[in-house]
Amino acid sequence: MSETDLKSPKRYPVSVAPMMDWTDRHFRYFLRSISKHTFLYTEMVHTGAILRGDRHRFLRFHPEEFPLSLQLGGDDAVSLAECSKIGEDYGYSEINLNVGCPSDRVREGNFGACLMQTPEKVAELTAAMNSAVSVPVTVKCRIGIPGKDRPEDLYRFIECVRQAGVRRFTIHARIAILGGLSPAQNREIPPLRYEDVESIKRSFPDLLIEVNGGIKTIPEMRERLKTTDGVMIGRAAYETPYLFSKVDSIFFGEKDSPKSRREILDRMEEYVETRIVQSGTGKPHHALRAVLGLFHGEPGGKRFRRILTERMYSDYSANLLREAANELSASVLDAIPSSEENALPSFV
Ligand SMILES: Cc1cc2nc3c(=O)[nH]c(=O)nc-3n(C[C@H](O)[C@H](O)[C@H](O)COP(=O)(O)O)c2cc1C
């Protein structure tokens, strides 16, 4: 493949990780109300679900969710190419291949993290995906798996897949232990090795290298961005979503003020009513659960969460969010985070 065939992915200093059962279209719409620029991902969708399942259920999104990447899981080049094309036709900004999921079910299907064993296979898969679409194809992987967890193994993996035309890698800075650990344990027990990701960035200055794993605060994002091109945030995005209200001004140079939490609640109230209740597609709690962490750490935040949890399943009414918000003071509801002074000039 010649250099001119390559599609360059954009650099996004901050993204929210693909998370099964979490980063569904409702959560993404909610997150987009908080940050206009953070790059978003779908949950991982297996090729079989697209080719043989209710495709629309997995692929539809609201136009406001852009920019948005579709994450695919699979181990068959023809299916991945076909699904990439379908994703492109749906309008996704990019197609991402999951090479990091350690779950037993995924391993039995021979995809996810176990593909790190066979860089040539990942190169074959991504080359097929790349030739099917004109949007960038990117990869999310781990720093390794047992037996293939030395920095030179990761170097070899990146070098091999890069030759298939992949120009952005998001690397979860932990190895994945296949068998014996649950996915949740695999996000906690293997130690974080940011230095392995940094070394890849130094070895491949022309690639976009993003780091993922354990990043929870703005200062931690700043720190990791000193040595890599982007940070991907997983659990902190649903535990403390309002963290992202500062991301646009600090890392994307946005001049407009972020929305207050009251404005976000109003938007979500309208979304639930029009997009779910009136359209008859889904249940209010599918979208309302995205909002649970909005007041994390604020006085009244726990009570807000409890009211929502108690009522969103069986006692929903159009003004539920407003009623739950009565637990919070106007100063919390209407506060607008100030844009931080020490924005990193290179990201502005
Ligand atoms: C509930 C949950 C579901 C996840 N699902 C996916 C997934 O579908 N695809 C993927 O690549 N990673 C998935 N992950 C892993 C995250 O993308 C991320 O790599 C991991 O949580 C580490 O980042 P963090 O420490 O910021 O949470 C999932 C994580 C969680 C917590």
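As the structure lists them, so they are numbered: ligands from 1, and atoms in each ligand from 1. The first residue in the sequence is number 1, and the count goes up from there. As the structure is a computational prediction, the values presented were derived from the model and not from experiment.
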Less than 4.0 angstrom from a charged side-chain N to a carboxylate O is my criterion; do Asp24 and Arg289 meet it?
yes

Residues Lys246, Glu254: salt bridge by 4.0 Å N-O rule:
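So Lys246 does not pair with Glu254 through a salt bridge.
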
Just say parallel, tilted or perpendicular for the rings of Tyr41 and Phe39, cut-offs at 30° and 60°.
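Ring orientation of Tyr41 relative to Phe39: perpendicular.
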
Please work out which of the three classes, parallel, tilted or perpendicular, describes the rings of Phe111 and His46, given edges at 30° and 60°.
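Tilted.
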
Any nitrogen or oxygen of [X] lying under 3.5 Å from a nitrogen or oxygen in ligand 1? Just yes or no.
X	value
Arg187	no
Gly234	yes
Tyr238	no
Glu43	no
Ile233	no
Ile215	no

Out of all atoms in ligand 1, which are within 4.0 Å of some heavy atom of [X]? Include the element for each.
X	value
Gly214	24 (P), 25 (O), 26 (O)
Asn98	9 (N), 10 (C), 11 (O)
Ala17	16 (C), 17 (O)
Lys140	10 (C), 11 (O), 12 (N), 15 (C), 16 (C), 17 (O), 18 (C), 19 (O)
Gly213	23 (O), 25 (O)

Of the listed options Gln71, Met44, Met232, closest to atom 11 (O) of ligand 1 (non-hydrogen atoms):
Gln71

What protein heavy atom is closest to [atom], reported as residue, atom name and distance in Å?
atom	answer
atom 5 (N) of ligand 1	Met20 N, 2.8 Å
atom 19 (O) of ligand 1	Asn212 OD1, 2.6 Å
atom 17 (O) of ligand 1	Pro18 O, 2.8 Å

Are any non-hydrogen side-chain atoms of Tyr271 and Met268 less than 4.5 angstrom apart?
yes

Does a side-chain heavy-atom distance below 4.5 Å link Leu243 with Met221?
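Result yes, sub-4.5 Å side-chain heavy-atom pair found.
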
Would you find more than 12 non-hydrogen atoms of other residues, nucleotides or ligands less than 6.0 Å from Arg60 atom CZ?
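Yes - once you tally the heavy atoms of other residues, nucleotides and ligands closer than 6.0 Å, there are more than 12.
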
Give a yes-or-no answer on whether the side chains of Asp334 and Ser260 include a donor-acceptor pair shorter than 3.5 Å.
no

On the ring face of Phe204, is Arg162 found with NZ or CZ under 6.0 Å from the centre and within 45° of the axis?
no

Can you tell me if Ala236 has a non-hydrogen atom under 4.0 Å from ligand 1?
no

Stepwise side-chain contact (heavy atoms from CB on, under 4.5 Å) check, Glu263 with Ser33:
CA-CA 9 Å; Glu263 289 171 306; Ser33 316; over 6 Å; no

